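One structure is given below, encoded as structure tokens.
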Amino acid sequence: MSDYTEMWKNLGLNLENHAGLLGVLTEGYKNIYLSQKGRPKGMEYFDFVISEIHGLRIKEIYEAKESGRKVVGTFCVYVPEEIILAADGISIGLCAGAEVGTNEAEKFIPRNTCALIKAFMGFKLAGLCPYMELTDLIVGETTCDGKKKAYEIFNNITGKVYVMELPNMKNEESKKLWHSEVVRFKDATEAITGKTITLANLKKGATLVNERRRALQRLSKLRAADPSPISGLDALLVNQVSFYDDPVRFTQMTDRLGDELEERVKQGTGIAPKGAPRVLISGSPMAIPNWKLHSIIEGSGAVVVGEESCVGERNFRDLLDENFSSVDEALEKMASRYLEIDCACFTPNDERLENIKAMTEKLHADGLIHYALQFCTPYMMEAYKVEKAIGTIPFMRLETDYSMGDFGQLKTRVEAFLEMLQ
Ligand code: BJ8
């Protein structure tokens, strides 16, 4: 790996803490990822991306910024990325999946806040996230109460938070509100980038994002095979990387992986033996490097066949209808595409129940593990309805955080659950 110290210094990172973080990340990756047997060759690209996650990708973005492009950071799949790309911006997911900077974060927010919120605050406060430092705009949204209130504080800290007002229902009034928010976001993006969003560049942005979604949809479908051609850990990683990588390159590499997986399916090559228990995970998102639950499940002999989550199916399930012939029409279609998303922050949210049921069938899941981050009230609450909706499929709910303190306890519970699936 090249020496990026100067760049990290220029970005204002805390070099000592940062070196510690990279050390832990590299070690964890080696133990969890590189120890897997029979991985597809196409995963080498994603291994490389992880090895350079604070290196080459940051350098690319750094250079793009120097050439005048702007960087927009987001925390939620409701933010229409097509608009950012149409303005030649770079869109980066800022959610963090490691227990870092907790003490610093707890000076600003309560202890009983979900780990995802604590982590994005912690990464910033501990000077550990180069992506955060590269942003020109950070887009928040009024989803759960924790995020909504944390963004106020985060704006005091960073001075660059913009919040989109997301309704909590999907009635006609809400649709109007959300449409006006999408238009307002387009204006804000134009203002920050200094670029006018035209029909032509919206078409380009829409095609880029849809192509990435198609590549991820294909990957997801291939996991329906028994044996599954790819581990859940690897598929999760691909989904996590989709929030950071250059979209064109990412799509190319994911398609290449898809070609290889298709071959593996034809030849009956799997990552686990045919007949291994198949688990669908549903619930709170798993930001990088949150690999805890997948590694427990797959380390216990089962295979994760899908993630009903924003770092998973919820992010790519619906394409944007590219059949628009004006900027206004594009924004209307975008508003309705994004409002289809079935986050537990909505009420009622019956589409999610239907989508989970459909996923269990399509992916031939033997069991469903509902995963919620501690203090993530929307997903913790919705677990009850999910259990009722999926019928007779074995179900288990778990609540956890980013720490490793409950690893043993979770493993015992997962193993007992997997026995029911044999
Ligand atoms: S669309 S899931 S990305 S809001 S885990 S911060 S919900 S308390 S991340 Fe999310 Fe958008 Fe919904 Fe998806 Fe709050 Fe829960 Fe924490 Fe969460």
Side-chain angles (χ1 to χ4, degrees), residues 73-81 91-99 102 105-106 108-124 138-154 161 163-170 174 178 181-182 185 213 216 236 239-240 242-244 281-288 290 292-293 307-318 335 337-349 351-352 355-356 370-383 386 397-403:
T74 62
F75 293 103
C76 181
V77 296
Y78 280 100
V79 179
E81 193 180 338
S91 171
I92 293 289
L94 292 176
C95 291
E99 196 181 31
T102 309
E106 285 178 2
F108 293 84
I109 53 177
R111 287 193 83 182
N112 51 356
T113 303
C114 95
L116 189 145
I117 297 173
K118 263 193 211 171
F120 78 67
M121 298 273 277
F123 265 88
K124 165 67 191 161
I138 296 176
V139 187
E141 51 346 282
T142 55
T143 45
C144 68
D145 286 350
K147 271 176 150 184
K148 195 160 55 191
K149 299 309 287 180
Y151 293 138
E152 293 176 21
I153 302 167
F154 209 50
V161 177
V163 177
M164 293 185 81
E165 183 175 355
L166 188 75
N168 284 169
M169 297 179 96
K170 294 183 181 176
S174 305
W178 179 239
E181 282 297 283
V182 171
F185 180 57
R213 290 183 185 125
L216 288 166
L236 172 66
N239 278 286
Q240 290 172 331
S242 72
F243 290 91
Y244 296 84
I281 294 179
S282 170
S284 308
M286 293 173 176
I288 210 164
N290 179 4
K292 184 163 88 170
L293 185 55
E307 294 79 26
E308 187 278 324
S309 142
C310 290
V311 185
E313 206 81 6
R314 192 170 297 118
N315 182 34
F316 58 73
R317 180 184 295 126
D318 303 313
R337 184 266 167 206
Y338 280 87
L339 208 58
E340 291 283 301
I341 297 172
D342 55 353
C343 176
C345 297
F346 275 83
T347 185
N349 193 32
E351 310 90 281
R352 176 165 177 243
N355 286 328
I356 294 174
H370 194 279
Y371 165 87
L373 284 173
Q374 271 161 11
F375 313 116
C376 173
T377 310
Y379 283 92
M380 281 162 56
M381 288 278 187
E382 218 161 78
V386 173
R397 72 165 81 179
L398 293 179
E399 281 153 27
T400 182
D401 56 17
Y402 292 166
S403 78

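In each ligand, atom 1 is the first atom listed, and ligand 1 is the first ligand listed. All values below come from the heavy atoms of this structure, side chains included, with hydrogens, waters and symmetry mates left out. Note that the structure is a prediction, hence the values are computed from the model and not measured.
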With a 6.0 Å cut-off (strictly less than), is the heavy-atom count around NZ of Lys149, excluding the residue itself, greater than 12? no
Is it true that Glu308 and Arg352 make a salt bridge, defined as a side-chain N closer than 4.0 Å to a carboxylate O? yes
Among Lys147, Met286, Glu141, closest by heavy atom to atom 10 (Fe) of ligand 1 is Lys147
Give a yes or no on whether Cys345 keeps an N, O or S atom under 2.8 Å from atom 13 (Fe) of ligand 1. no
Check if Ile117 has a non-hydrogen atom at a distance under 4.0 Å from any atom of ligand 1. yes
With a cutoff of 4.0 Å, is Pro285 in contact with ligand 1, counting heavy atoms of the residue only? yes
Check for a donor-acceptor pair, side chain of [X] on one end and backbone N or O of [Y] on the other, with a separation under 3.5 Å.
{"X": "Lys292", "Y": "Asp401", "result": "yes"}
{"X": "Lys118", "Y": "Arg111", "result": "yes"}
{"X": "Thr143", "Y": "Cys345", "result": "no"}
{"X": "Tyr402", "Y": "Ala96", "result": "yes"}

Which of the numbered atoms in ligand 1 are below 4.0 angstrom from a heavy atom of [X]?
{"X": "Cys343", "value": "1 (S), 2 (S), 4 (S), 12 (Fe)"}
{"X": "Tyr78", "value": "1 (S)"}
{"X": "Phe75", "value": "3 (S)"}
{"X": "Thr143", "value": "4 (S)"}

Looking at atom 12 (Fe) of ligand 1, is any protein heavy atom nearer than 4.0 Å to it? yes
How about Ile138 and Phe75: do any of their side-chain heavy atoms sit closer than 4.5 Å? yes
Do Cys76 and Met164 have side-chain heavy atoms sitting under 4.5 Å apart? no
Can you report which non-hydrogen protein atom sits closest to [atom], along with the distance?
{"atom": "atom 8 (S) of ligand 1", "answer": "Cys376 CA, 3.5 Å"}
{"atom": "atom 2 (S) of ligand 1", "answer": "Tyr379 OH, 3.3 Å"}
{"atom": "atom 14 (Fe) of ligand 1", "answer": "Cys144 SG, 2.3 Å"}
{"atom": "atom 16 (Fe) of ligand 1", "answer": "Cys114 SG, 2.3 Å"}

With a 6.0 Å cut-off on ring centres, are Tyr78 and Phe346 close enough? yes
Kindly confirm whether atom 12 (Fe) of ligand 1 is within less than 2.8 Å of some N/O/S atom in Cys76? no
